[in-house]
**Q** 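For reference, the structure I am asking about is given below.
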Number of protein chains: 2
Amino acid sequence: MQSTVTLRDVAQAAKVSIATASRALAGEGLTSRSTEARLRRIAAELGYRPNALARGLKTRTTRLVGLVVHNLTNASFRVLAEVVQRRLRAEGYQTILCITADDPEQEAEIIATLADQRVDGLIICPTGHNGARLAALDSNGTPVTCVVRRDEMVEMETVLAADPEGAYAGTRHLLELGHRRIGLIVGRRETTSGRERLSGYRRALEEAGIAFDPSLVHAGPYEPETGLAGCRQLLDRADRPTALFVANHESALGVLRGLAERDLLVPDDISLLCYEDMPGFAWQRPAISVVDSGATAMADLAADRLLQRLRPNAAPPAETAREYRIGARLIQRHSCRPVAP
Amino acid sequence: MQSTVTLRDVAQAAKVSIATASRALAGEGLTSRSTEARLRRIAAELGYRPNALARGLKTRTTRLVGLVVHNLTNASFRVLAEVVQRRLRAEGYQTILCITADDPEQEAEIIATLADQRVDGLIICPTGHNGARLAALDSNGTPVTCVVRRDEMVEMETVLAADPEGAYAGTRHLLELGHRRIGLIVGRRETTSGRERLSGYRRALEEAGIAFDPSLVHAGPYEPETGLAGCRQLLDRADRPTALFVANHESALGVLRGLAERDLLVPDDISLLCYEDMPGFAWQRPAISVVDSGATAMADLAADRLLQRLRPNAAPPAETAREYRIGARLIQRHSCRPVAP
DNA sequence: CGATGTCCTGTAATCGTTTGCGGAAGCAAG
DNA sequence: CTTGCTTCCGCAAACGATTACAGGACATCG
């Protein structure tokens, strides 16, 4: 195989100018039908493939978009990566996936590199410390869509889960089953999701006329260890909660372990409800009820929004700086049961 | 913020030629110390960032590498994506992640687009139907490293799990605990891993003087459904196996479900050993023993190999076309028990 | 003082495309 | 035969960097 065949080679082989070759292959009837067909044939024979760098340099568009997430362990991010990648590719865009590990410095570096690469757009779950850079990009003509988390510092198009409502609905469900002491294991208060899920839980309780008891909530990072620790803390109380609401799936692993340690059976001894679905929950026995935060829908909407703004007739950024919320949805399986009378 | 500042702007601001500006910012003492410092300062003030497209076009190197996997659900791929991304970024490379869904056509398209993008290298888990394209890329100066799966049709640098040995070791472990009827739930025979894991299982049995019984193995795609179906098939036999060896973690979910359906307790009623570790296994109660296929090590080695060949003094491809195997390792937890006498 | 060498810097070509502009050819109408 | 339109094509200038080559300034040495 020869190294690389350029437009020049194609043009020479067809005895036309480079310009004509370019136009012929661009389609759009810029050349006569016959030359177009001929050029196409020759290009195919020679195995010509346009150089994306040169094209990008000239046209100022690369058909690359950056996707920036914290990790791939969390199911939401995984789904995000898969869905966004698929959706964008269907429209002719390549996805550059980058992982920040939730570290603002790495994020800053990634944003810069992506900008150097002249990506056409960006979907990002921001750490919250680089809002200015993102806003700069956005107003410079590179659309940025935030997802999963919001950057509080700056106005940008954002698609989020309806966490307050989701947590509210989950808590309501448990309340309606008659539970009064509901333990909550939730993310740190510094994160949007941590705060919002807590507030939904709290609102549901207060509406039901139950005083909010801070000692019933355990907050920590999204890790199994948090679940285990929370479980221990909550289960060692004299008035053990009759239900546990675990506000993310990483902690759920630890909770399951904690329950097993104490030989507590779900749902006989205690009810369990989780936030964010994952494959394991449906296959578990008993299958675990869940309020699904709608990761797929979020990913789809994020892709939609970005694609929308990537189209030639882009709306002015001011117009697009709004916030979308994806509704959460309760999936009842078999881990919750009415409290015994 | 102005749109974009180019080298020309920096040069003008410093009243030098573009060439000097370029050299100054390149470092390496191509200019006098003073101009270098001055140019650096001005570039920083103006917020100059080199255009990766233009640079790539000229230097024929983009510091982009493609990473092509089947999905992100499988833990090996997830680890691969995270590790490779991190390792490459530490060396100044960006990773373009692409997902084939194990579909040769999508894979072909992805390879072509990546080539158009002029990636400097490629790490890919091949479907096995595009070996020619990959080989062409490789011999054209774009190093390609295959991982997890081999493309049987063509010689290329490949890093694989030591599946035959891993399956052998796992089976041995169960045999040493006294198990004689060991059910195997394994991938389809069309895949390398399916074949190799089966062969390791078989060899261990035969060495122990136990006849291989095809009715004890259930093969299917890497999905929970396979595990459930296999479980049902194997457990409904009169002479139920005393141990189950589940050769991938997706199926394990289904197996756990199948066991629960029949109220079989692990490890009291039946021993369970899985292939490929995942977070859930360690947290499960009882924690599940596993032969870890070494996904992290594979990812690291793949990154190492590619980086090696990316360095200026690249070895001739013929020299590098070898196969690396990552040793598997038995992790004993609490799901296997000696068979009752 | 002139020759030579060392440093720096500028000029210009180049990477592979796209695209504005103008010219040639063809054809119909006057 | 001139004029005026279309239609198709070529010339050449970008896009933003890197880099071979050459020239200018200055110091050193014979």
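All chains are named by letter (A, B, ...) in the order of the sequence lines, taking the proteins before the strands, and each is independently numbered beginning at 1.
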**Q** B:Q117 CD to C:dT17 C1': how many Å, rounded?
**A** 14 Å
**Q** Heavy atoms only, 4.0 Å cut-off, all strands: where does B:S32 land among base, sugar-phosphate and nothing?
**A** sugar-phosphate
**Q** Which protein N or O atoms sit under 3.5 Å from an N or O of nucleotides 12-16 of chain D?
**A**
unit_1 : atom_1 : unit_2 : atom_2 : d
D:dA14 : N3     : A:K58  : NZ     : 2.9
D:dC15 : O3'    : A:R60  : NH2    : 3.1
D:dG16 : OP1    : A:R60  : NH2    : 2.3
D:dG16 : N2     : B:A54  : O      : 3.4

**Q** Separation of B:R63 atom CZ from D:dA17 atom P, in whole Å?
**A** 18 Å
**Q** Which sits closer to the 5' end of DNA chain D, B:T20 or A:R33, going by the nucleotide each is nearest to?
**A** A:R33
**Q** Looking at B:T31, does any N or O in its side chain come under 4.0 Å of the phosphate oxygens OP1/OP2 on C:dC7?
**A** no
**Q** Using a strict 4.0 Å threshold on nitrogen-to-oxygen distance, state whether A:R40 and A:E36 make a salt bridge.
**A** yes
**Q** Could you give the CG-to-C1' distance, from B:D116 to C:dT17, as a whole number of Å?
**A** 13 Å
**Q** Does B:N130 use its side chain to pair, donor to acceptor, with the backbone of B:P104 at less than 3.5 Å?
**A** yes
**Q** Find the distance B:Q12:CD to D:dA17:C1' and express it as a whole number of Å.
**A** 15 Å
**Q** Take atom CZ of A:R8 and atom P of D:dG10, then tell me their distance rounded to the nearest Å.
**A** 15 Å
**Q** Please report the distance, rounded to the nearest Å, between CG in B:L25 and P in C:dT9.
**A** 13 Å
**Q** Taking only side-chain nitrogens and oxygens of B:S17, does any of them come within less than 4.0 Å of OP1 or OP2 of C:dG10?
**A** yes
**Q** Salt bridge or not between B:R41 and B:E45? Use side-chain N to carboxylate O under 4.0 Å.
**A** yes
**Q** So that I can tick it off, tell me whether A:R149 and A:D102 are bridged by a salt bridge, with the cut-off set at under 4.0 angstrom between side-chain N and carboxylate O.
**A** yes
**Q** Given A:E157, which partner from the list A:R309, A:Q308, A:R322 fulfils the side-chain hydrogen bond (donor to acceptor under 3.5 Å, both in side chains) test?
**A** A:R309
**Q** Is any side-chain N of the basic residue among B:R133 and B:D151 closer than 4.0 Å to the acidic one's carboxylate O?
**A** no
**Q** Could you state the atom-to-atom distance from CD of B:E36 to C1' of C:dC7 in whole Å?
**A** 14 Å
**Q** Knowing that exactly one of A:L134, A:T145, A:V65 qualifies, which makes a side-chain contact (heavy atoms from CB on, under 4.5 Å) with A:L122?
**A** A:L134
